[in-house]
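Taking it in order: structure first as structure tokens, then the write-up.
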Amino acid sequence: MKVLCRVPARGEVDLAELLAGLTAAPPGQPHAEDVLELCHQFSTRLMADPVARVHPELMTLGFFMRKAELARMRRELEALARPDVVQVPAGLVFHVPPGNVDTIFMYSWLLSVLAGNTNLVRLSSRASPVVDHLCALLDELLARPGLADARARVAMIQYGHDDAITAACSAQAAVRIIWGGDATVAAVRRAPLPPFGRDLTFADRWSLLALAADGVAELDDAGLTRLAEQLHNDIYWFDQGACSSPRLCLWVGTAAEVAEVRDRLWTAVAAVATARGHWPEMAVRMARELFAHQAVLDGPVVGRADFGPGLTVLRVDRLDGLVRAHPGGGLLFEAVAPSLASLDRWISRRDQTLTHFGFARHELIELAQRLAGRGLDRLVPVGQALALARFWDGYDLMAQLVRNVHVVA
Amino acid sequence: MSDDLDLAARIDGVIEAPLYAQPQAEKAARLLPVLDALTRHHRAACPAYKRLTDVLGPGERSADALAAVPWLPVGLWKSHRLVSVPDDQVTTTLTSSGTTGQVPSRIYLDRDTARRQARGLARIMTHVLGPRRIPMLVIDHAAVLSDRTSFSARGAGVLGMMTFGAQPRFALDAELRLDRAVVDEFLARHGGAPFLLFGFTYMVWTYFYEQVQAAGLDLRHGTLIHSGGWKKLVERQVDNATFKAGLAAATGLTRVVNFYGMVEQVGSVFLEGDDGLLYPPAFADVIIRDPLTLAPAPTGTPGVIQCLSALPTSYPGHSILTEDLGVIERVDGGPGGRHGNALRVLGRLPRAELRGCSDTHAAEVAR
């Protein structure tokens, strides 16, 4: 079987030889200097890159990999250690990132390479300029002196939907990371792992936003604009199609309090969109229109308000019966509730991120405790909905990517 | 019920109005109360439509202009059952042909709506063909009519047009090859006087034009009426001018008339005029909307096509926002005394590139 090896850039290679090379590569160490230097170089290059100015997600990736951040991650990993535990790499990690979010493969690789693992990354056969750019940059940096071992421990391969290739890669994997939602998880899981292997799976998720009406009401114009900018980032990145993009806004307060502030806030969000020159694509706009009609027939929608061409708010009078479907691209369901406790019954395992504004820490902690695992894996402040982090979908990715050797002297 | 009778009479009134001769203002003034009455009829007869117009539309409020008549997106007929008559009155269910893997639209007709569609189409076709039925050659194969209970759009289109021709023959065989014996016999008997050819645009080009190029057929006395959209031909760089020039050069056929229509509004098709633009008949109209604001776009500005039709009472499809782009090139004063909106269709809306954490292609693999 042949695959296209993008990093290192080797062109068409024989898969069996490639896998043999990876499994024979000398093992790394968690947070080894050569890898930290590689990531630091990568970050520096990316943040000065003109391409990253057109693709803000590259800037975010560069920021995530900068030296201070790497040092923080190293300290966090060390904090997991104990005197009688030696942290070692998990082994060969096989990454299956989603085909339509261009940067996740780099985050997935980064968290794993920092743990010292050998990494095999599957890239979708659909070419993307962003993916091409990242591959070229990584390949270039890996060619630098002193990185021969790091280079031997990575292969980013591009192939279409070929079960045989996925099976051959899976058969060698100590950890397999499957992004891309329910269908991809189901498809990739058909390929068995070795007995010592395990899966980290990222299913289809749904996310929401909670705003405390009194907190929003207290904002002055500058504060409201800042909130609107954060919400704009949360809602519009990846056309509201990411698993952590908020799709429902729950206002917490009385109906009167909410009526005071909501139009003011959504108008401010629309103004941010206008100021940033963000217009929906025609097809996205029309898909939203069809979806709004379907949502009225299928759920508890009682009203609609539009704020420019970029934002449609569908008001629901209850959460019961609200179907977790979404067209992407600028549509929010909106509900009003007296407290966060109104979420207790509705939240399900599919709900991933609650982006919040105006709540006290204890209210959020108590919500998580009351839900007791029935749903919600992240509760993060507005502006951070899409910030990929160590804790994701209930996993501590850092802890998942090392093995703990217990040494009792 | 008297309301319904009144509505039926008013619809018949616009069906029989001068097809293309009314200036736009006059036509709109005549059409608006009928469409407004249709909105009220469907609100009373179709609970889903009432809910949609209450939540998203004007509710009880009357429309004060054609652009204020509430519309439904055409895709809604793929996902929901929208019907304004009791089940036992549904006589025919039309389905769109839709490409493989796509859910088809389902349109529910009762006797009245089906009759009106036939009458509307007859008004339009006799405008081109004259009142006398002339011999007809269908550019398709006979099997397109096979399933009579649930017609495909192509089958329904062919059957609808067959009422305007005499002694119909099918030009293609079961393998979609030119049936030379049938065509030669047809031309030998009817080729010296006016005759009708009908087919879907794509079928005509792919299975007829490409096979008759070398056949030396003389279609000088024929009138070709064709429809179905240009999507597949645009991919092959064939536009209306190429289409007409190709047929004229190969067969001498010069009367070639396109129309724009859809399964969701059968009967109120927009017929091509001598200027190549498409004209809605007296009982239908077109509005172009800005694709972002959805506000009506001025004449000459491209946007999304909304189609109005006074014909349907059995399903709430009198005002439909399509997924096609077009532009109204001119209002009133067209060649041959054609007034009203003159439409150019610009093709389908581009598809959206889906982004997000869930792979869209994984489902394809699973399938």
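Note that these values count all heavy atoms, side chains included, but never hydrogens, waters or copies made by symmetry. A quick note: this is a predicted structure, and the numbers were derived from the prediction, not measured. Lettering follows sequence order; numbering is per chain, from 1.
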[X] versus chain A, the contacting section by heavy-atom distance below 4.5 Å:
X        : result
B/Val304 : side chain
B/Thr322 : backbone
B/Leu52  : both

A/Arg276 atom CZ, neighbour heavy-atom count above 12 within 6.0 Å:
yes

Looking only at B/Leu349, B/Val74, B/Asp54, B/Leu56, the option with the highest number of non-hydrogen pairs under 4.5 Å against chain A is B/Leu56

Flag side-chain contact, heavy atom, 4.5 Å: B/Leu82 against A/Leu297:
yes

Below 4.5 Å, heavy atoms only, C-beta onward: do B/Val55 and A/Val302 meet side chain to side chain?
no

Checking A/Met286 against B/Glu323 for the side chain to side chain contact (heavy atoms under 4.5 Å, CB included) test, could you report, in this order, the C-alpha distance in whole Å, the side-chain angles of both residues, the deciding distance, and whether it holds?
CA-CA 8 Å; A/Met286 296 304 289; B/Glu323 292 166 357; 5.7 Å; no

Give me the atom names and distance for the closest heavy-atom approach of [X] to [Y].
X        : Y        : answer
B/Trp71  : A/Glu289 : CH2-CG, 3.4 Å
B/Pro350 : A/Ala283 : O-CB, 2.9 Å
A/Gly299 : B/Arg51  : O-NH2, 2.9 Å

Within the side chain of A/Arg285, is there an N or O that forms a donor-acceptor pair under 3.5 Å with the backbone of B/Leu292?
yes

Once you round to the nearest 0.5 Å, how far does CG of B/Leu76 lie from CZ of A/Phe291?
12.0 Å

